[in-house]
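Quick notes on the structure that follows.
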Amino acid sequence: MSATSPAAVVVLAAGEGTRMKSKTPKVLHEISGRSLVGHVVAAARELDPQHLVVVVGHASEQVTSHLNAGDAVRTAFQAEQNGTGHAVRMGLEELGGSVEGTVIVVCGDTPLLSGETLGALAATHAADANAVTVLSAEVPDSTGYGRIVRDSATGAVTEIVEHKDATDEQRAIREINSGVFAFDGRLLADALGKVRTDNSQGEEYLTDVLSILREAGHRVGASVAGDHREILGINNRLQLAQARRLLNERLLERAMLAGVTVVDPGSTLIDATVTYERDAVVHPGTQLLGTTHLAEDSEVGPNSRIEDTVVGTGARVDNSVTLSAEIGAGALVGPYAYLRPGTRLGAKAKAGTYVEMKNATVGEGTKVPHLSYVGDATIGDHTNIGAASVFVNYDGVAKHHTTIGSHCRTGSDNMFVAPVTVGDGVYTAAGSVITKDVPAGSLAVARGQQRNIEGWVARKRPGSAAAQAAQASSWETDGQS
């Protein structure tokens with residue numbers, strides 16, 4: 001915990017968000033790999049606060065369950081949404097009623113807000129010895145926002161004037177209130193007890209705390225965000241999409257500055273939870289999602305969805321979908337492959353064109369080049385699986401496992417009916433249906449004997465195009481003899 005780390009961060013996430021027109025609570029809508037409130041919590045944790053509490057209300061069980069799906073987050077319950085001041089009071093009561101030190105209050109629908117900006121707010125609050133510090137921003141168009149009015153001599157905030165109440169001179173001010181604040185915790189708790197509800201909504205407004213403390217002789221200041229877009233809140237699907245685009249640009253910029261080549265940022269999506277190493281290459285039309293990691297010199301895309309997948313050093317994924325998979329160093333995937341959860345490709349292995357794999361471990365240098373399904377299987381090293389092979393893993397009730405050894409050569413159009421084990425160094429004939437274990441070093445042939453019935457077409461399909469072609473062919477053969 002640093003010298004400027006706050007004593008507490010209170011995240012307000014109790015509202016319903018009716019303008020989203022959704023059965024999902026607003027703060028649980030997702031962009032770039034996290035919910036809206038998840039982004040805010042992640043930014044708050046960058047400050048290493050002593051306490052972090054999220055105030056929940058609407059759909060509280062759903063929001064709390066979501067927050068506790070990863071690292072548990074402390075929550076406070078606001079039974080009735082009686083205003084922002086009331087919500088903060090509920091958060092403080094969860095922490096014992098009062099907190100000694102800085103308390104930062106932030107809205108749960110501001111996913112673009114960064115830990116760096118919150119840190120600057122806390123630092124300004126401490127340096128200026130303020131009772132309250134408002135996070136403000138200078139915007140190109142301040143229409144509709146509350147204006148920050150400052151004392152020209154000291155720079156202190158004298159008032160926040162809503163647009164409808166502002167004079168023409170005040171409406172020319174471009175510095176606006178974000179709704180994010182840093183408070184002296186002791187003074188905050190005392191002032192919240194004095195907030196009145198004699199307003200049109202009958203609610204406790206957090207902004208009333210500023211005037212209460214200012215009238216008591218305490219200083220109110222402001223910290224200006226470096227990028228005004230960080231303070232944008234989300235109220236509808238349009239704003240959700242706009243925030244997604246802005247956040248995606250920020251995340252891609254961070255990746256490129258870290259040494260990743262993104263060929264076309266405009267067609268590339270990346271989640272906040274994705275990690276990468278230098279000299280990775282991302283081609284157009286690619287989505288990097290979840291906990292995906294791109295190792296050095298790996299190359300993904302174009303037109304690929306890589307989710308919760310580790311892509312090893314120098315591996316290549318082309319026009320494919322990978323979900324919860326591990327792709328070894330130098331391995332090749334695609335084009336048009338589908339790696340489902342539990343797939344682990346060894347170094348220099350290959351899952352080729354129109355190959356689907358699921359819960360499969362594929363050894364070093366092993367190739368499944370094309371048109372095959374490999375499910376619930378273990379394949380050794382340096383084996384080649386012939387085209388159009390199917391690992392028959394489901395008997396209608398349960399899934400079963402297939403094991404194929406190292407240095408095997410299996411024929412095209414093979415069916416491996418699980419459970420079955422094929423030993424090291426085995427060859428299997430094309431068209432075989434392998435239902436029994438095959439000892440190491442064997443040739444397995446499991447298909448019916450071919451039988452040719454001459455003249456069948458002429459007898460059974462007289463006058464057909466096939467019969468005419470066969471007759472013409474026989475005339476040509478007779479003429480040559």
Side-chain angles (χ1 to χ4, degrees), residues 6-17 26-27 37 40 44 49 51-58 60 63 74-110 113 118 121 125 130-136 145-149 157-165 176-222 231 233 235:
V9 175
V10 179
V11 180
L12 307 184
E16 181 178 358
K26 178 175 73 169
V27 295
V37 70
V40 176
H51 302 287
L52 171 61
V53 60
V54 179
V55 181
V56 299
H58 173 72
S60 60
V63 176
R74 193 170 185 176
T75 58
F77 181 54
Q78 185 185 22
E80 296 181 10
Q81 280 71 70
N82 291 331
T84 51
H86 179 257
V88 172
R89 190 152 55 83
M90 295 300 98
L92 290 182
E93 286 184 6
E94 174 65 24
L95 300 177
S98 180
V99 175
E100 194 71 29
T102 299
V103 175
I104 289 180
V105 177
V106 60
C107 299
D109 64 350
T110 53
L113 195 58
L118 288 178
L121 170 65
H125 181 74
N130 293 329
V132 188
T133 306
V134 183
L135 178 64
S136 66
Y145 291 99
R147 308 306 203 279
I148 300 293
V149 180
V157 175
T158 59
E159 58 181 326
I160 299 175
V161 182
E162 295 304 319
H163 180 86
K164 59 183 175 58
D165 301 322
I176 64 165
N177 171 34
S178 71
V180 177
F181 305 93
F183 294 94
D184 177 286
R186 182 179 54 80
L187 295 176
L188 171 63
D190 181 67
L192 284 172
K194 301 175 182 177
V195 172
R196 301 174 62 180
T197 59
D198 54 349
N199 53 65
S200 60
Q201 300 296 321
E203 296 181 349
E204 300 176 31
Y205 292 147
L206 182 61
T207 48
D208 288 351
V209 170
L210 278 68
S211 57
I212 290 171
L213 293 178
R214 189 168 46 243
E215 290 170 5
H218 299 289
R219 189 178 193 278
V220 177
I231 70 169
N235 293 303

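From a predicted model like this one, the values you see are computed outputs, not experimental measurements.
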Is there a donor-acceptor pair closer than 3.5 Å between any side-chain N or O of [X] and the backbone N or O of [Y]?
| X | Y | answer |
| --- | --- | --- |
| Ser178 | Leu135 | yes |
| Thr158 | Val149 | yes |
| Thr133 | Asn130 | no |

Out of curiosity, [X] [atom1] to [Y] [atom2], how far, rounded to the nearest 0.5 Å?
| X | Y | atom1 | atom2 | value |
| --- | --- | --- | --- | --- |
| Thr84 | Tyr205 | OG1 | OH | 8.0 Å |
| Glu16 | His58 | CD | NE2 | 4.0 Å |
| Leu95 | His51 | CG | NE2 | 6.0 Å |
| Ile176 | Tyr145 | CD1 | OH | 5.0 Å |
| Ile160 | Asn177 | CD1 | CG | 4.0 Å |
| Asn82 | Arg89 | CG | CZ | 8.5 Å |

Please examine the side chains of [Y] and [X], heavy atoms only from C-beta on, and report whether any two atoms are closer than 4.5 Å.
| X | Y | value |
| --- | --- | --- |
| Val11 | Leu52 | yes |
| Glu159 | Arg214 | yes |
| Val88 | Leu192 | yes |
| Leu206 | Phe181 | yes |

Quiz prompt | Check ion pair Arg186-Asp190 (N to O, under 4.0 angstrom) | solution =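 Salt bridge between Arg186 and Asp190, a charged N being under 4.0 Å from a carboxylate O: no.
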
Quiz item: Step by step, would you call Gln78 with His86 a side chain to side chain donor-acceptor pair (under 3.5 Å)?
Solution: CA-CA 8 Å; Gln78 185 185 22; His86 179 257; 2.9 Å; yes

Closest non-hydrogen atom pair, [X] against [Y]:
| X | Y | value |
| --- | --- | --- |
| Val99 | Ala7 | CG1-CB, 3.4 Å |
| Val40 | Asp109 | CG2-N, 4.5 Å |
| Glu204 | Thr197 | CG-CG2, 3.7 Å |
| Ala44 | Val9 | CB-CG1, 3.8 Å |
| Ala87 | Val55 | O-CG2, 3.5 Å |
| Gly57 | Phe77 | O-CE1, 3.8 Å |

Quiz item: Can you list every side chain to side chain donor-acceptor pair (under 3.5 Å) pair that touches residues 90-104, not counting sequence neighbours?
Solution: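 Every pair satisfying side chain to side chain donor-acceptor pair (under 3.5 Å) with a residue in residues 90-104: Arg74-Glu94.
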
Quiz item: Thr110 and Ile231: side chain to side chain contact (heavy atoms under 4.5 Å, CB included), yes or no, with the steps?
Solution: CA-CA 6 Å; Thr110 53; Ile231 70 169; over 6 Å; no

Exercise. Start with the C-alpha gap between Leu118 and Val180, add the side-chain angles, then the distance that decides, and say whether side chain to side chain contact (heavy atoms under 4.5 Å, CB included) holds.
Key: CA-CA 9 Å; Leu118 288 178; Val180 177; 4.0 Å; yes

Quiz item: Side chains of Ser211 and Asp208: is there a donor and an acceptor less than 3.5 Å apart?
Solution: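 Per modelled atom types, Ser211 and Asp208 side chains form no pair under 3.5 Å.
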
Practice problem: Any chance you could lay out the side chain to side chain contact (heavy atoms under 4.5 Å, CB included) test for Val10 and Val106, step after step, and finish with the verdict? | Solution: CA-CA 6 Å; Val10 179; Val106 60; over 6 Å; no

Practice problem: Go through Leu188 and Val209 one step at a time and tell me if the side chain to side chain contact (heavy atoms under 4.5 Å, CB included) criterion holds. | Solution: CA-CA 7 Å; Leu188 171 63; Val209 170; 4.2 Å; yes

